Structure formats: structure tokens, C-alpha cells
Amino acid sequence: MVAGILILGLILLVMPVIAGSLFCHVDQDAPRLLLAWVGGQMLLWAGFLAVCVPMVLRKGRLSEVIGLYLALCGLLLAAAAGKYVVQRRRKTSENARVQRKGLSYKQSAPVWCLFAVLLLIQLAAAGMLAYEEGDDAFYVAVATGTESSDTLYDILPYTGATTGTDARHGLAPFPVWTAFLARLSGIHPATVNQIVLPVVLIAMAYAILGLLGCRLFEKDPKKTGLFLVIAEVLILFGGQSLYTAENFLLVRTAQGKAVLANMVLPFLLYLCFVMTDACRRGERPSVSLWLLMASAAAAGCLCSTQGALLTSIMIGGIGLLTAASFRRLRILLPTGICCLLPMGMAVLYLLL
């Protein structure tokens, strides 16, 4: 069990931070560790989609997906390490001063302490309490069947009988990612889904809200902390319906549609803020920003088939508004490229 937890910590915490260092300069005002963690996870999710969906369509096996995905992760980590070495060689005294610049939390310590207490309450509840959720009968069963049978969507989750490839759900193979975590760690998929992932993903959701807060309140620690505390209170008391985003975050955390609503779309909104701010200052958004935006859109497709539509609408709509507001028609080309994969997944879904 200890070895499994360490493996999950390596996959869910260390690897995303290393891979996300490729994008830590997308927003100079953002906390780099948070941006690297979230951005790296989006990149790794996009890589898993690229590996898994073709395997689902050709009726491959989970072990093949794991081998190809680990090879891809190795390439991404090697690229991140190479970039770090190059940057260290080109480091100047000015860059060193920029890196030492950080937020001052001394004057807003009570607010951040309250945020930490409320966050710990939510994480403890997610890890120690159980909630009956009907959709888990499908998603957890798919992950369990995938891990135990080494197949991809060839097992009926309700009966265990063999069936043809489920192309509809196979185009959003988030449960296969859960099975991948379970296979490498040796921990049962139900435990990964119900205990491990809720703790990690809830923390990631607040990290994304923190990035949004830094952008909205111009890196003001007190205002950002108050924003996060208010968000926590709204989430804690947001269970007035089974279908609210708050309810999805707390009790359906490891379901793909919950990840789409509470992590992927808010992170895309944050990236759109960065894009529009660059256009407002008359600057050209960096290539890294577009790569990260395309990765987040692909991550949305991994989470749910609805992600193909929602990510395209968000990126395309904000891109059109930005082009019209700042008269930057050139922005339409990269935003359109970012929408190509979601649109392609939507067409594939209709064809299958």
C-alpha cells in the first residue's frame, strides 16, 4: 500500500510539475508551481487521449496503452529537463530577480489560514466519507473491468459480459486513466476512484481557482484569499441539486464530467484571460500558451464527449470576441487550430 501511494504521488504530483515546467512562463504573474502542476496535468491528459482513443478503436489492450503512454511521458519529461538545462545556461541576473519575486502573505495570513482549514475539511471528507452515486456503478465498474481484463471497453460494466467495443464511451476514456493508475500502483480501481483521486482533484480545482484569482485581482494576496474562501463556502453549500458543479466537485470528483466542469473549463477560462490580456497590451500570445490551450481542450475531450463541444465553444467564442475587441484578426488562426482536435472528436463521435 505504501509503495502504491508513493507511485500515485509520483504520477499525480511530481510528473505533472516536471512536464508543466514547459509552460511555467505562459503567465509571469502566476504562482509557477501551481501553473506547472495544472498545466502539466493537462498536457499528460492530452497525451493519454492521443494514445488511448486509437487503441480503443482498434480493440487494443490496457497494457499496450500503458506502454505507449509511459514512453510518451518519458519524452515529455526529457523535453522538460532539456528546457531546464538550456534555461539555466541562459539565466541572467534579471531573471534571477524575477524568480525571487513572490507574493507576500503576512498581512493576509488569517484569510489564508481560513482557506487552509476549509480546504482540509473538504479533503478529509472526500477521503474518509462515502457517498452513494449511481453513475459510479458505470464508471468505477468500467475502470475495474478494464484493469482486471486488460481490455478496453469490451466488458459490460453492469453484467461483466463480453461485448463489442463501446465507441461512444471509448472516445472519452477517463475511466481507463483510472485503471492505468490502479494497474501501476497496485491499488484497487475503486479505492483510486473514491479516495485517492478526490483528494488530488479537489486540491487541483482550488489551484485553478487560485490562478484565476491571481489574474482577476492582479496578484493581490488578500483579495485572492477572500475569493478562494468565498468559493469554498459556495462549494460547501452548493448541493441544492444533484446536478450543480459544486455537487459534482465534492461527490462525483473522479468522474470525467466533473473534471471537465470543475477543472478543464475553468483552466481554459484562465488561459483565455491570459490571451486577452496579452492582446490588450499589444503583445502576441506565446506559442506555449497556444500549446497549453490545445492540451487543455484535448483534456476536455478525455473527460467527456461533451468536452469536444464545450471547449470549442469557449475557445472559439472568446477568440472571436478578442479579435473583434482588439482588432487582432491574426488571433483567429491559433484559436481555430486549438479547436481542431475537439471538432475532430465531435465528428468522430457522430460517425461512430
Side-chain angles (χ1 to χ4, degrees), residues 1-17 19 37-38 40-42 44-49 51-52 55-56 61-70 73 122-155 157-158 160 169-170 172-207 248-264 299 302-304:
M1 178 64 75
V2 175
I5 293 175
L6 291 176
I7 291 173
L8 289 178
L10 179 66
I11 297 174
L12 296 174
L13 301 177
V14 178
M15 284 177 52
V17 171
W37 182 33
V38 178
Q41 189 59 75
M42 296 294 168
L44 294 178
W45 276 338
F48 193 84
L49 176 78
V51 170
C52 189
M55 283 294 174
V56 171
R61 310 189 75 82
L62 176 63
S63 55
E64 296 175 331
V65 173
I66 292 176
L68 291 174
Y69 180 62
L70 290 179
C73 289
Q122 294 183 44
L123 296 182
M128 300 174 62
L129 301 180
Y131 182 86
E132 182 181 356
E133 217 304 295
D135 284 349
D136 285 335
F138 179 85
Y139 294 109
V140 177
V142 167
T144 303
T146 298
E147 195 277 331
S148 61
S149 66
D150 199 35
T151 59
L152 300 174
Y153 290 96
D154 285 342
I155 302 295
Y158 298 121
H169 294 99
F174 195 81
V176 181
W177 182 69
T178 304
F180 154 75
L181 297 176
R183 173 68 66 85
L184 288 189
S185 64
I187 300 176
H188 195 277
T191 304
V192 174
N193 195 283
Q194 298 295 325
I195 297 178
V196 178
L197 284 182
V199 174
V200 175
L201 295 178
I202 288 175
M204 183 176 290
Y206 281 109
F248 269 59
L249 176 62
L250 293 183
V251 304
R252 302 188 181 197
T253 315
Q255 295 180 13
K257 49 193 174 184
V259 177
L260 173 66
N262 292 287
M263 278 152 261
V264 176
L302 172 72
C303 296
S304 172

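Treat the numbers as computed from the prediction; the structure is a model and nothing was measured.
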Ignoring hydrogens, what is the shortest heavy-atom contact between [X] and [Y]? Give both atom names and the distance.
| X | Y | result |
| --- | --- | --- |
| Leu49 | Pro173 | CD1-CD, 4.1 Å |
| Val264 | Met42 | CA-CE, 3.9 Å |
| Pro198 | Thr253 | CA-CG2, 3.6 Å |
| Ser63 | Asp150 | N-OD1, 2.8 Å |
| Ala179 | Ala143 | CB-O, 3.5 Å |
| Val176 | Leu152 | CG1-CD2, 3.8 Å |

Verify the ring-centre separation between Phe174 and Trp177: is it less than 6.0 angstrom?
-> yes
Can you confirm whether [X] sits close enough to [Y] that some side-chain heavy atom of one is under 4.5 Å from a side-chain heavy atom of the other?
| X | Y | result |
| --- | --- | --- |
| Thr144 | His188 | yes |
| Leu8 | Val200 | no |
| Gln255 | Asp136 | yes |
| Pro175 | Tyr153 | yes |
| Ile187 | Leu181 | no |
| Leu12 | Met204 | no |

Hey, could you give me the [atom1]/[atom2] distance between [X] and [Y], rounded to the nearest 0.5 Å?
| X | Y | atom1 | atom2 | result |
| --- | --- | --- | --- | --- |
| Arg61 | Met55 | CZ | CE | 11.5 Å |
| Gln194 | Leu129 | CD | CG | 12.0 Å |
| Arg183 | Ser148 | CZ | OG | 8.5 Å |

Check whether any side-chain N or O of Asn262 sits under 3.5 Å from a backbone N or O of Phe248 as a donor-acceptor pair, and report yes or no.
-> no
Just by modelled atom types, is the Pro189 backbone N or O under 3.5 Å from a matching donor or acceptor in the Asn193 side chain?
-> no
Measure up the Phe180 and Tyr69 rings against each other and bin them: parallel (under 30°), tilted (30 to 60°), perpendicular (over 60°).
-> perpendicular
Please step through side chain to side chain contact (heavy atoms under 4.5 Å, CB included) for the pair Val142 and His169, ending with a clear verdict.
-> CA-CA 10 Å; Val142 167; His169 294 99; over 6 Å; no
Going through the distances and angles, do Leu197 and Val192 end up as a side chain to side chain contact (heavy atoms under 4.5 Å, CB included)?
-> CA-CA 6 Å; Leu197 284 182; Val192 174; 4.0 Å; yes
